[in-house]
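Remarks on the structure that follows.
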Amino acid sequence: METYLILGANGQIGTELQIEFFQRLDSQRIILSDIFEPEVKRGIFEIADILDPRSLASLIEKYKISCIINLAA
């Protein structure tokens with residue numbers, strides 16, 4: 001079973017993608033991340049900066065991420 005990490009989840013595309021993912025998948029398999037808190041919190045959200053490899057490695061290990069969708073800009 002895939003576990004997805006969406007980086008840049010608060011952006012325009014990230015927001016639309018997470019809506020679609022939550023309609024199709026178990027919410028525990030979708031991890032959202034950005035550098036600031038979202039206006040509307042949905043599911044599991046973690047603040048992380050893609051420029052910090054330790055931060056990303058920690059998320060990947062913590063949630064056993066199998067697929068990363070990078071929408072960070």
Side-chain angles (χ1 to χ4, degrees):
M1 195 162 21
E2 300 276 332
T3 301
Y4 299 88
L5 172 60
I6 302 176
L7 300 169
N10 292 340
Q12 182 177 359
I13 297 171
T15 301
E16 295 298 323
L17 184 63
Q18 63 179 276
I19 291 168
E20 196 65 31
F21 268 44
F22 279 113
Q23 289 177 353
R24 296 171 186 248
L25 301 169
D26 173 14
S27 65
Q28 297 300 307
R29 295 176 41 213
I30 306 162
I31 312 305
L32 307 173
S33 181
D34 212 312
I35 58 173
F36 56 90
E37 291 284 337
E39 290 180 20
V40 177
K41 191 167 180 185
R42 199 181 276 125
I44 301 169
F45 183 87
E46 296 271 352
I47 292 181
D49 187 342
I50 65 166
L51 299 176
D52 180 1
R54 282 188 236 144
S55 171
L56 293 182
S58 174
L59 284 179
I60 292 166
E61 185 177 323
K62 178 178 181 179
Y63 293 105
K64 309 224 180 325
I65 302 297
S66 53
C67 181
I68 299 172
I69 301 166
N70 183 8
L71 302 173

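The shown structure was predicted, so the numbers you read here are calculated from the model rather than taken from an experiment.
More than 12 non-hydrogen atoms from other residues, nucleotides or ligands lie less than 6.0 angstrom from CD1 of I47.
Counting only heavy atoms from C-beta outward, the side chains of V40 and T15 never approach each other to under 4.5 Å.
Partners of Q23 by side-chain hydrogen bond (donor to acceptor under 3.5 Å, both in side chains), not counting sequence neighbours: none found. Every residue meeting the side chain to side chain contact (heavy atoms under 4.5 Å, CB included) condition with I44, not counting sequence neighbours, appears here in chain and number order: Q28, I31, Y63.
One distance of note links CG of L25 with CD1 of I30; it measures 5.0 Å at 0.5 Å rounding. A distance of 10.0 Å separates CG in L7 from CG in L32, rounded to the nearest 0.5 Å.
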Result block: side-chain N/O donor-acceptor pairs under 3.5 angstrom for residues 50-59, not counting sequence neighbours:
residue, atom, partner, partner atom, Å
D52, OD1, R54, N, 3.2
D52, OD1, S55, N, 3.4

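Clustering ILVMFWY residues whenever any of their side-chain heavy atoms sit less than 4.5 angstrom apart, transitively, puts I13 in the very cluster that holds I69.
Scanning all heavy atoms of the two residues, the minimum distance from M1 to S66 falls at O-OG, 4.4 Å. Listed here is the closest heavy atom pair of I35 and A48: CG2-O, 3.5 Å.
Counting only residues at least two apart or in different chains, ring-ring contact (aromatic ring centres under 6.0 Å, His included) contacts with residues 4-46 comprise Y4-F21. Listed by first and then second residue, the salt bridge (Lys or Arg N to Asp or Glu O under 4.0 Å) pairs that reach into residues 8-24 are E20-R24, sequence neighbours excluded. For residues 27-51, the pairs satisfying salt bridge (Lys or Arg N to Asp or Glu O under 4.0 Å) are E46-K62, with sequence neighbours left out.
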